[in-house]
Engineer: 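This is the structure, below, for whatever I ask next.
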Amino acid sequence: MKDSLYRAPKGTRDLVWPDSERRRSFINLFAEISSSAGYEEIVLPMFEHIEVFQRLGDGTDVVRKEMYDFEDKGGRQIALRPEQTASIVRSYAENRPPLPWKVWYAGPNFRYERAQRGRYRQFDQVGMEALGSEDPYLDVEVISVAWRFYEALGLKNVNLLLNSMGTANDRSRYIEALSEYFANQKGDLSKESQDTFVANPLRVLDSKRDEDAQVIAEAPSILDHLSDEANDHFIKVQEGLEKLGIPYSVEPKLVRGLDYYLKTTFEFISESIDAAQDAIGGGGRYDGLAAEMGAPETPGVGFALGLDRTLMACDAEKSFPEPKHLLEIFVVDATDGSHALVVADQLRQEGFKVDRAFDNRSMKAQMKAADKSGAKIAVIIGDDEVRSGVVTIRDLRGEDGQEEIASELMIADLRKRLR
RNA sequence: GUGGCCGUAGCUCAGCCCGGUUAGAGCACCUGUUUGUGGUACAGGAUGUCGGGGGUUCAAAUCCCCUCGGUCACCCCA
């Protein structure tokens, strides 16, 4: 079967229980926390016209080489979404909801790249976006929701890295200064970084290669290129975080992968993940993006968290544990299975969580199944019980206790035991 | 896209370097010891085209090539 075409495509996988349920709980928790901050859920298409994502900038790898794009039967150029911020801004431009517009989302994104642990071709993100305000405290709110979410998951070793990319003007002045610097130091850069420099000078700051460390360490800092406007904004954000007691470190070399960020950018790093993929979330402000999509100038700020990576961090920190089966009752039928059919249905209608075995297996086999199911109680029905109009109720957890109860008293008895 | 490692039963893996009887172990699964009772113990049982294709050879899980997949690192990102 391993060589078969009938398997999940490269970079994808099936989420089966308990992972499937843990994912759902994760999203539910995020929904609860973000909606308590006034964010409403938005459900977006999983694919868009490719132009929507090309707005992310052709200097980004997400656009250059990771796009899952194809032509549909109507000849449209379509791309599976590599992230959801672009779709949200597109939705904003299209629907023009009243401002401020605060939304949260959860769902899969797609990037065509080489898979490895914590990096898949289809991967889930949860995130939120707030459009319509330039208030630096909105940046703080967005960051704080992410932070409180990590806390709610029980994560302790998360670091918040903070930076500012300045205004559009600051950003391009900085890129100029950086380009000039790197152009002079070119000989000391690794070959890979020299290539990166041509495509996107900012990204050189991201290099993890030792040979680049020296050049990068001495590179000009964005913080020296901030206008008063951007600098005031940045200071307000830091003050806000301090008011909330959220620790952060300013990281002037933090360059996020998407080109649309202005002013505030941030990233959450897990210290617990023993892999290269330690960025578990990130975001920032994108005040220019709405105008690019044909809407009036509208500021925006938001973040996205990777579900898989965040759960990797949870595993490492032994927090947000896997769910347990919640089965309460297992019906064992030693006659022909018809009594289990009726009793299981009856108990389920009463609100109990009930399972049973099929195929007329031996009583021993059914008891084994009952034990493995995690049920607390076995309701046993055999010929004797049927004759006397009773059921045997056996406690599977504690000591070997079992007793016969008249059928009509079964529900009352089970309720007493389980509630 | 680049490089390293890996791919043997449902799962975790041994065997591969030094080709050669019916390819093994543990766990899980099924049956029995207990003809109506799980969790422990003991006994027994089923399961593999040794990832796929090609080659070398009298003979390939074992050697060579290609391919697919996984994994780790780079690139980049969640």
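Lettering of chains follows the sequences in order, A, B, ..., and the numbering in each one begins at 1. Just so it is clear, the structure is predicted and the values come from calculations on it, not from any experiment.
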Engineer: Nearest-Å distance, CE (Met367(A)) to P (U40(B))?
Structural biologist: 13 Å
Engineer: Answer yes or no: is there an ion pair linking Arg148(A) with Glu151(A), defined by an N-O contact shorter than 4.0 Å?
Structural biologist: yes
Engineer: Is the distance between the ring centroids of Phe266(A) and Phe268(A) under 6.0 Å?
Structural biologist: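 Judged by ring-centre distance (under 6.0 Å), Phe266(A) and Phe268(A) do meet the cut-off.
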Engineer: Dump every N/O contact between nucleotides 29-33 of chain B and the protein below 3.5 Å, one line per pair.
Structural biologist:
unit_1 : atom_1 : unit_2    : atom_2 : d
C29(B) : OP1    : Lys372(A) : NZ     : 2.8
C30(B) : OP1    : Arg361(A) : NH2    : 3.2

Engineer: I'd like to know if Arg121(A) and Glu66(A) make a salt bridge, using a cut-off of under 4.0 Å between side-chain N and carboxylate O.
Structural biologist: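 So Arg121(A) does not pair with Glu66(A) through a salt bridge.
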Engineer: With C1' as the reference atom in both, quote the distance from A9(B) to U2(B) in angstrom, rounded to an integer.
Structural biologist: 36 Å
Engineer: Using atom C1' in both nucleotides, what's the gap between A46(B) and G10(B) to the nearest angstrom?
Structural biologist: 12 Å
Engineer: At less than 3.5 Å, do the side-chain atoms of Glu385(A) and the base atoms of G36(B) form a donor-acceptor pair?
Structural biologist: yes
Engineer: Rounded to whole Å, how long is the line connecting atom CD of Glu113(A) with atom P of C76(B)?
Structural biologist: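 Atom CD in Glu113(A) sits about 12 Å away from atom P in C76(B).
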Engineer: On a whole-Å scale, what distance lies between the C1' atoms belonging to G26(B) and C63(B)?
Structural biologist: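 Their C1' atoms lie roughly 30 Å apart.
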Engineer: Can you tell me, in whole Å, how much space there is between the C1' of C29(B) and that of G1(B)?
Structural biologist: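 Pairwise C1' distance, C29(B) against G1(B), rounds to 44 Å.
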Engineer: Quick check: any donor-acceptor pair below 3.5 Å linking the side-chain of Asp371(A) to the base of G38(B)?
Structural biologist: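 For Asp371(A), whose side chain was compared with the base of G38(B), there is a donor-acceptor pair (under 3.5 Å).
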Engineer: Between A14(B) and A23(B), how far apart are the two C1' atoms, rounded to whole Å?
Structural biologist: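 The answer is 11 Å between these two C1' atoms.
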Engineer: Using whole Å, what does the distance between atom C1' of nucleotide C74(B) and atom CG of Asp206(A) come to?
Structural biologist: 13 Å
Engineer: Going by an N to O cut-off under 4.0 Å, is there a salt bridge joining Arg417(A) and Glu403(A)?
Structural biologist: yes
Engineer: For Glu41(A), enumerate each residue passing the side chain to side chain donor-acceptor pair (under 3.5 Å) test, keeping only those at least two apart in sequence or located in another chain.
Structural biologist: none
Engineer: I'd like the P distance from U22(B) over to A41(B), given in whole Å.
Structural biologist: 35 Å
Engineer: Distance check, C1' atoms only: G70(B) and C30(B), in whole angstrom units.
Structural biologist: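 Comparing C1' positions in G70(B) and C30(B) gives a spacing of 31 Å.
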Engineer: Pull out every residue in residues 314-324 of chain A that has a heavy atom closer than 4.0 Å to any atom of RNA chain B, ordered by number, or say none.
Structural biologist: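 Residues of residues 314-324 of chain A under 4.0 Å from RNA chain B: none.
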Engineer: Please report, rounded to the nearest Å, how far the C1' atom of A78(B) is from the CZ atom of Phe266(A).
Structural biologist: 13 Å
Engineer: Any N or O donor-acceptor pair under 3.5 Å from the base of C75(B) to the side chain of Arg114(A)?
Structural biologist: no
Engineer: Run the ring-ring contact (aromatic ring centres under 6.0 Å, His included) check on Phe30(A) and Tyr105(A) step by step: do they pass?
Structural biologist: CA-CA 9 Å; Phe30(A) 184 74; Tyr105(A) 59 84; 7.9 Å; no
Engineer: C77(B) C1' sits how many Å from Gln125(A) CD, rounded?
Structural biologist: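 So the CD-C1' distance, Gln125(A) to C77(B), works out to 9 Å.
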Engineer: Could you tell me how far U62(B) sits from G19(B) if I compare only their P atoms? Round to whole Å.
Structural biologist: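 Straight-line distance between the two P atoms is 12 Å.
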Engineer: I need the CZ-P distance between Arg117(A) and C74(B), as an integer number of Å.
Structural biologist: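 Spelled out: CZ on Arg117(A) to P on C74(B) is 13 Å.
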Engineer: For the base of U37(B), is there a side-chain donor-acceptor partner from Gln366(A) under 3.5 Å away?
Structural biologist: no
Engineer: Take the protein atom CG of Asp259(A) and the nucleotide atom P of C76(B), then report the distance between them rounded to whole Å.
Structural biologist: 13 Å
Engineer: Between Ser207(A) and C74(B), is there a side-chain N or O to OP1/OP2 distance below 4.0 Å?
Structural biologist: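 Negative; the distance criterion is not met.
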Engineer: Would you call Asp287(A) and Arg285(A) a salt bridge, taking side-chain N to carboxylate O under 4.0 Å as the test?
Structural biologist: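 Yes, charged N to carboxylate O under 4.0 Å.
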Engineer: Which comes earlier along RNA chain B counting from the 5' end, the contact point of Thr12(A) or that of Ala369(A), where each point is its nearest nucleotide?
Structural biologist: Ala369(A)
Engineer: Given atom CD of Glu83(A) and atom P of C76(B), what is their separation to the nearest angstrom?
Structural biologist: 18 Å
Engineer: RNA chain B: Arg309(A) or Lys10(A), which has the more 5' nearest nucleotide?
Structural biologist: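 Final value for this comparison: Lys10(A).
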